[in-house]
Every structure is written in C-alpha cells, then in structure tokens.
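Just so you know, these numbers come straight off a predicted model, no measurement behind them.
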Amino acid sequence: MPHKTRVLAVVGPTAGGKSDLAMALAQYLPIEIVCMDSMQIYQGMDIGTAKPTPEDRTRVAHHMLDVCTPHQAYSVAEYVEAADAAIAGIVVRGHVPVLVGGTGLYLRALRYPMTLGGGARDDAVRARYQQMLEKEGAQAVHALLHQRDPEAARTLHPNNTRRVIRALEVLEVTGQPFSSQRMPEEHEERYAMTVLGTQWPRPTLYERINLRVERMMQAGLVEEVRALLDSGVSPDAQSMQGLGYKEVIPYLAGQATREDTVELISRRTRNYAKRQLTWFNREPGLIWIDMKSQPQKEWAARIAARWHNEH
RNA sequence: GCCUUGGUAGCUCAGUCGGUAGAGCAGUAGACUGAAAAUCUACGUGUCGGUGGUUCAAUUCCGCCCCAAGGCA
C-alpha cells in the first residue's frame, strides 16, 4: 500500500494571517499553495475576498483561484475534485502542497471521504420544495422530511429550511436517505495532513477584521462590486452572498451610508470569524498556532523544521 | 431664564393603570456531508439619571436637582 500524500494545511478565521504565514513558509520549503476558500474561487472578486496579490502569485504557485465566473454556482464536491488534482500535480513536481483558507467544509471534505449527497443536485426539485416552504411554512417541510427520513429530521432544526430542503432533495434524487451519510472515522483520512490553525486573542482578531474592512473600502471594494453588477452578475448569485459584496449592493443603490455599510461588513465578518473558530475548534488533530507568541518568520521556520523531521 | 420631550441591558428602544422589567442588535457558546463568507440553534439583573416625599410597597405617582435634544425669550 503506498502511503498517503503528505499535505500541510493552514486554516483559521478571516484576517488571521493565513496567507502571510504561507508566504513566509515559502522561504523554507518548496511549497505550492492550494487556496481553500469558497469565495476566492470566483474571478473578478479580488478585493472583497482578500485574494493573494499578483506578486505573491508570481513568487509562489497558487491553485484553486479564479476557477469559475461569478455568474456560476460552485460546490464543495467540485472543489474537492479539482483540489485533489491540484495536489497530485504539486506532488509530481516534487513540491509541498499547502492548503490555505478558512472554509471549514472544504477542509473536511478534502480530509475525509464524504458522500456529499452522492452526486445529487437538482435545481427543479429544490425549487419545488422552496415553493412548498413559501406556501406552507417551515414546519410543513420539516414534517415531510420527518415522514420520509425521521433520522435526518431529528438532527435538523425546522427553521434551518435550507438544509431541510437539501435533505429532501438528496433523498428524492438518490433514493438514499440524507441521514445515511455518516461521519467517517479518523483513520479514513485521505491525506497525511498536518492542520495548523492561526490563533489570536479575540479582541486582536476583531481589530484586524475592522482594519481590513476599512482597507478594502479604500482599495476600491465598491467599484469592484459595481463592475461585477455591471457585467451582469445577479445580486442573487451565490458569489454575491459573500461578505462585503451583499452589503455593498444596497449601498450602491443608495439605501445605506458608507459608514453604516462599513460597520455592517465588519460586524458580519466578526460573526463569521466566530463561526469559523467554532468549526476549527472541532477539527480533529488541529494544532493551534499562537500568532502573538513569536514572529511569523519564526513560526514558518519551526513549521518547516518539523515538516522535515517527520519525513 | 421659561416651556416641551426624553434619560430603562454595551447600543436602539418597549413596558410597568404602583407589586423591582423585555425585544432587536451587539456579545458569548454551539451545530454543520454537492449553496458553507451560506444556513441555523441556545443564552437577557440592569443602582429602570440623582435625591426627597406619598404608600405596606416607587423604576412607575408628586417635589426638587442633574444631563441631553428641541422650542420660546
């Protein structure tokens, strides 16, 4: 049996310095970066997603950026397939694959074999349940799920209509109950992955977020969003649900002040960072890196040394 | 100086016909299997501006004071 491919992952909340740490790592290891971010996937969304700069991309090869247009909808399953291929390519080149990003579900789907609904997706079915939801309410849809897949209904809150509908969709399209998807065991890991998480004191992290939002505005976030809308991207598009995008749309329409918009983006980004922390705190084997305890360069050197030692 | 309206949770405010009060947001914790920067769940004691008075009992009624906004001089 060939042993599993070794992969490094740098995860953590937004504005936690993941990309910077990865770039610092490049001074010690021959790395290539695989971005693990559900919004950096989209072309033309650079400022709001804090996408790595062209300079960084020249210095170190980056993968999984700009893989689809903002008009399209992207999914975890597509991500896993493409990211697997990117990792394989990096290994062939004799380089070290480094996953960098804050999308917890992408990480998990890459780490473990997950059924992800067994290849099922049907917009028509989805729309039908959506209609039922609007007509009969959340309780009715949940009751239907309870009838067809009691196990799934038990674990999903009736108000979480999005996932209740998804459960119904999977059942209908695949014939397999949503609840039959199980959490894989730890030994089923698909890679030999070292997962590092950037850690900051909460107040510091929140300050970093506030600062970053202000910088994004100064860097032209509003113009970026306007350009996307002008190019025909629907405000309802999946890409426009990204933080900083959905909030700027009302501002462009004159429905909010700049000040309120900045505050709203900052607040929601802080909320998001908290959700990411909840996710990563549960991530098996994750090693938190206290970013305040020593300079980033030191951390990069240590991580590289450890990488060699474990070889 | 006078009049009016306010002063209640970190913020915006509701409320108590007198029995020490509750929403939204923030915050904290959590969930998460082809939308995940999405979606969802749980958690609300604070001298009810201060001080006297009436009362068995005052955040609530009355007096005075302080602060804020507006108006009149």
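- Here A:Arg258 pairs with A:Glu214 under the salt bridge (Lys or Arg N to Asp or Glu O under 4.0 Å) rule; sequence neighbours left out.
- Of the P atoms belonging to B:rU45 and B:rU4, the separation is 36 Å, rounded to the nearest Å.
- Separating the C1' atom of B:rA73 from that of B:rC65 is a span of 23 Å, rounded to the nearest Å.
- Between A:Arg108 and A:Glu283, at least one side-chain nitrogen of the basic residue sits less than 4.0 Å from a carboxylate oxygen of the acidic one, meeting the salt-bridge criterion.
- Heavy-atom distances under 4.0 Å link RNA chain B to A:Thr278, A:Trp279, A:Arg282 of residues 278-288 of chain A, given in residue order.
- As a whole-Å value, the separation of A:Ile265 CD1 from B:rC25 C1' is 17 Å.
- Stem regions annotated for RNA chain B: B:1-7 with B:66-72, B:10-13 with B:22-25, B:27-31 with B:39-43, B:49-53 with B:61-65, counting only runs of 3 or more consecutive pairs of Watson-Crick or G-U type with both contacts under 3.5 Å.
- Residues passing the side-chain contact (heavy atoms from CB on, under 4.5 Å) test with A:Leu105, sequence neighbours excluded: A:Val76, A:Met114, A:Trp279.
- At a threshold of 4.0 angstrom between heavy atoms, the contacts of A:Arg202 are confined to the sugar-phosphate backbone, with no base atom among them.
- Taking the side chain to side chain donor-acceptor pair (under 3.5 Å) definition, one finds that A:Arg212 meets it with nothing, sequence neighbours left out.
- Rounded to a whole Å, the CG atom of A:Asn271 is 13 Å from the C1' atom of B:rA29.
- A search for side chain to side chain donor-acceptor pair (under 3.5 Å) contacts involving A:Asn160 returns nothing, not counting sequence neighbours.
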Just list the side-chain donor-acceptor pairs under 3.5 Å for residues 8-28 of chain A, sequence neighbours left out, or say none.
residue: A:Thr14; atom: OG1; partner: A:Gln276; partner atom: OE1; Å: 3.4
residue: A:Lys18; atom: NZ; partner: A:Gly12; partner atom: O; Å: 3.4
residue: A:Lys18; atom: NZ; partner: A:Pro13; partner atom: O; Å: 3.0

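- Exactly one of A:Arg148, A:Arg126, A:Arg121, A:Arg128 qualifies for a salt bridge (charged side-chain N to carboxylate O under 4.0 Å, His left out) with A:Glu169. That residue is A:Arg126.
- Residues passing the salt bridge (Lys or Arg N to Asp or Glu O under 4.0 Å) test with A:Arg275, sequence neighbours excluded: none.
- Under the side-chain contact (heavy atoms from CB on, under 4.5 Å) criterion, A:His71 pairs with A:Thr69, A:Ser231, A:Val233, sequence neighbours left out.
- A heavy atom closer than 4.0 Å to some atom of RNA chain B occurs in A:Gln238, A:Gln241, A:Gly242, A:Leu243, A:Lys246, these being the qualifying members of residues 219-250 of chain A.
- Not a single side chain to side chain donor-acceptor pair (under 3.5 Å) links A:Thr261 to another residue, sequence neighbours left out.
- Note on A:Arg270: a side-chain N or O is less than 4.0 Å away from OP1 or OP2 of B:rG27.
- Under the salt bridge (Lys or Arg N to Asp or Glu O under 4.0 Å) criterion, A:Asp46 pairs with A:Lys51, not counting sequence neighbours.
- Between the CD atom of A:Gln276 and the C1' atom of B:rU39 there is a distance of 15 Å, rounded to whole Å.
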